[in-house]
Amino acid sequence: MFSKFLLFTVLVAPVFSLWPAPRQMTTGSKTIVLSSSFSITVKGTAPADLSQAIARTTSFIKNDNMGRLIVGRGSTDAASFKKALQLPGLTLKYTGSGAIPSISTEAVQDVTARNEQYTLKIPADGSAATITAPSALGLFRGLTTFEQLFYTYEGTIYTAEAPISITDSPAYPYRGFMLDTSRNYFPVPDILRTLDAMSWVKMTTFHWHIVDSNSWPLQVPSFPQLSAQGAYEASMVYSKADVSQIIAYAAARGIDVMPEFDTPGHTSVIGDAYPEHVACQQTSGAYDDTVANEPPSGQLRFAVPATSDFAVSLVKSISNLFTSKWFSTGGDEINQKCYDNDAPTQAALKAAGLTFEQALSKFTVAEHAVLTKAGKTPVVWEEMVLSHNVTLSPDTVVLVWISSADATAVAEKGFRLVHAPSDYFYLDCGGGGWLGNFVGGNSWCDPFKTWQDAYSFDPLNGITSDQAHLVLGGQQLLWTEQSGPENLDPVVWPRAAASAEVFWTGKTLPDGTAANVQNALPRLHDIRYRMVQRGVMAINLQPYWCAVRPGECDL
């Protein structure tokens with residue numbers, strides 16, 4: 001019997017090392033060396049954020065000091081340097097109408113309205129490279145690709161694949177990452193660094209799960225008591241200026257910041273400042289697992305008119321802090337037993353002559369009405385569609401999280417959806433149980449979700465061709481019971497980059513082959529090493545020996 005560990009050696013260096021892979025690409029085999037006077041110019045007047053993006057790309061190319069991931073790290077390329085032509089520069093050409101818009105303006109448009117298309121050409125004859133796009137976002141995505149094409153060996157910056165021709169655009173418009181900043185707090189610099197890494201793999205959306213039952217770190221001008229009473233410490237608060245900084249930083253990198261105020265569940269902390277609005281609030285430290293999925297318990301008394309008015313006003317106030325056209329009101333893990341035992345809720349239901357579901361629908365409609373009036377699209381977790389009888393506008397976007405199989409049912413109801421399934425994209429799974437007396441020690445969503453799991457995901461599994469337009473994309477998520485700024489980078493990167501390619505490239509690589517973990521791994525190594533060079537502590541995927549010997553460590 002053959003051993004299951006029999007190795008089939010494939011000593012083939014990747015033809016290209018871009019992440020995410022472009023949709024169409026052809027390459028040659030000529031070496032082009034970057035001129036010492038290399039510069040990036042723009043046809044027309046560049047807005048400030050495009051000029052800043054150009055400066056970052058120039059810096060990355062010159063300072064990444066990234067050797068090719070092959071044995072010798074590019075020493076075999078050195079012989080070609082003396083005869084190589086020099087690349088004098090890169091020209092950006094905007095083909096849209098009027099002046100070049102800012103990246104930031106386009107990044108906060110509704111995700112379905114953005115245009116990220118670009119073409120990139122690097123000739124082999126020593127003439128300048130070009131990026132052509134009908135949008136600022138397209139030019140920016142092209143820059144992100146361009147900077148990944150170059151390597152350094154003993155001070156020479158070069159590409160060994162000229163001529164290069166790329167025509168690129170995303171398969172899906174929504175490519176995101178969610179961060180929970182309530183269970184544990186993340187300082188602004190950590191969020192900014194995360195946004196940088198997101199931009200390098202062409203993500204579009206930072207889903208900011210900013211508050212939850214554990215803490216309220218967001219300063220809301222109209223409700224100052226929430227952060228004053230609900231933040232862990234005075235230093236663990238996001239001010240209005242912090243929020244503005246994060247939004248602006250993200251937008252300049254082609255990323256929209258979608259906030260979430262999860263209601264009516266996951267709102268225990270509101271009771272610290274406004275106890276009259278929260279049912280089943282855990283105050284004694286004794287957690288009752290019959291009225292909440294995890295401590296601390298507490299949910300908004302949505303059936304009480306005064307609480308509904310309070311929540312609507314709070315949604316409006318939070319949404320005013322953000323420029324995004326999307327806003328999530330959550331709606332997951334609502335515990336009905338909590339309300340069954342809550343006297344104010346039961347009195348309100350009786351007085352209004354409403355059932356639990358009718359009151360929940362009325363509450364949700366009221367919240368979403370203020371968002372719609374402000375020109376924003378409501379986003380909800382899947383329970384709002386699959387577990388409750390709630391009236392939702394047809395343009396509501398649904399986050400599918402409990403199981404990837406639930407996307408089918410959401411699509412059958414005609415709602416647009418974003419894949420965020422716990423069986424593929426939950427980055428916190430496999431860390432062990434975090435409840436103090438949980439002897440079993442497992443997390444509820446075990447096992448650990450590897451990058452290979454995420455990369456194997458099929459966005460259209462269970463989706464008919466008539467429903468395919470409803471799939472907007474997907475995201476990976478970090479719930480932070482066991483994460484903080486100390487381990488943010490290695491928990492997220494480069495794993496979260498896997499879904500970035502799934503939803504940008506689709507299932508077929510530019511050479512026509514099917515995307516699979518074997519041909520993805522050398523390229524994921526490459527972007528991981530670039531992240532480390534740029535200050536993001538992305539975790540190793542294999543021993544270094546394997547990383548520079550593509551295929552040698554395949555079974």
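Numbering of residues begins at 1 and proceeds along the displayed sequence. These numbers come from a predicted model, not from an experiment.
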What residues form a salt bridge (charged side-chain N to carboxylate O under 4.0 Å, His left out) with [X], not counting sequence neighbours?
| X | answer |
| --- | --- |
| Glu357 | none |
| Asp190 | Arg193 |
| Arg534 | Asp64, Glu147 |
| Asp180 | Arg183 |

**Item:** Ring centre gap for Trp479 and His209 strictly below 6.0 Å
**Value:**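 Between His209 and Trp479, which both carry aromatic rings, the centre distance is below 6.0 Å.
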**Asked** Is the distance between the ring centroids of Phe140 and Tyr118 under 6.0 Å?
**Response**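 Distance test on ring centres: not under 6.0 Å, no.
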**Request:** Would you name the heavy atoms of Leu50 and Ala46 that are closest together and state the gap between them?
**Result:**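 Leu50 and Ala46 have their closest heavy atoms at CD2-CB, 4.1 Å.
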Could you give the side-chain donor-acceptor pairs of residues 490-499 under 3.5 Å, partners two or more places apart or in another chain?
{"from": "Arg495", "atom 1": "NE", "to": "Val491", "atom 2": "O", "distance (Å)": "3.3"}
{"from": "Arg495", "atom 1": "NH1", "to": "Lys449", "atom 2": "O", "distance (Å)": "2.7"}
{"from": "Arg495", "atom 1": "NH2", "to": "Leu427", "atom 2": "O", "distance (Å)": "2.8"}
{"from": "Arg495", "atom 1": "NH2", "to": "Val491", "atom 2": "O", "distance (Å)": "2.9"}
{"from": "Ser499", "atom 1": "OG", "to": "Gln476", "atom 2": "OE1", "distance (Å)": "3.1"}
{"from": "Ser499", "atom 1": "OG", "to": "Ala496", "atom 2": "O", "distance (Å)": "3.2"}

**Request:** Go through the structure and list residues passing side chain to side chain contact (heavy atoms under 4.5 Å, CB included) with Ala520, not counting sequence neighbours.
**Result:** Trp19, Trp451, Tyr455, Arg523
Between the side chains of [X] and [Y], is a donor N or O closer than 3.5 angstrom to an acceptor N or O?
| X | Y | result |
| --- | --- | --- |
| Thr181 | Trp208 | yes |
| Asp406 | Trp401 | no |
| Trp326 | Asp110 | yes |
| Glu367 | Thr263 | yes |
| Thr364 | Ser361 | no |
| Thr391 | Lys362 | no |

**Asked** Does the distance from a Lys or Arg side-chain N to an Asp or Glu carboxylate O, for Glu501 and Arg175, drop under 4.0 Å?
**Response** no
With a cut-off of 3.5 Å and sequence neighbours excluded, list every side-chain donor-acceptor pair involving residues 414-421.
{"from": "Arg416", "atom 1": "NH2", "to": "Asp395", "atom 2": "O", "distance (Å)": "2.8"}
{"from": "His419", "atom 1": "NE2", "to": "Pro459", "atom 2": "O", "distance (Å)": "2.8"}

Can you sort out the partners of [X] under ring-ring contact (aromatic ring centres under 6.0 Å, His included), two or more places apart, ordered by chain and number?
| X | value |
| --- | --- |
| Phe310 | Phe223, Tyr274, His277 |
| Phe60 | Trp200 |
| Tyr185 | Tyr238 |

**Item:** Pair listing, salt bridge (Lys or Arg N to Asp or Glu O under 4.0 Å) test, anchored in residues 249-264, at least two apart
**Value:**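 Only Arg114-Asp256, Asp196-Arg253 qualify under salt bridge (Lys or Arg N to Asp or Glu O under 4.0 Å).
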**Request:** Using the salt bridge (Lys or Arg N to Asp or Glu O under 4.0 Å) rule, collect all pairs that involve residues 42-56, keeping only residues at least two apart or in two chains.
**Result:** none
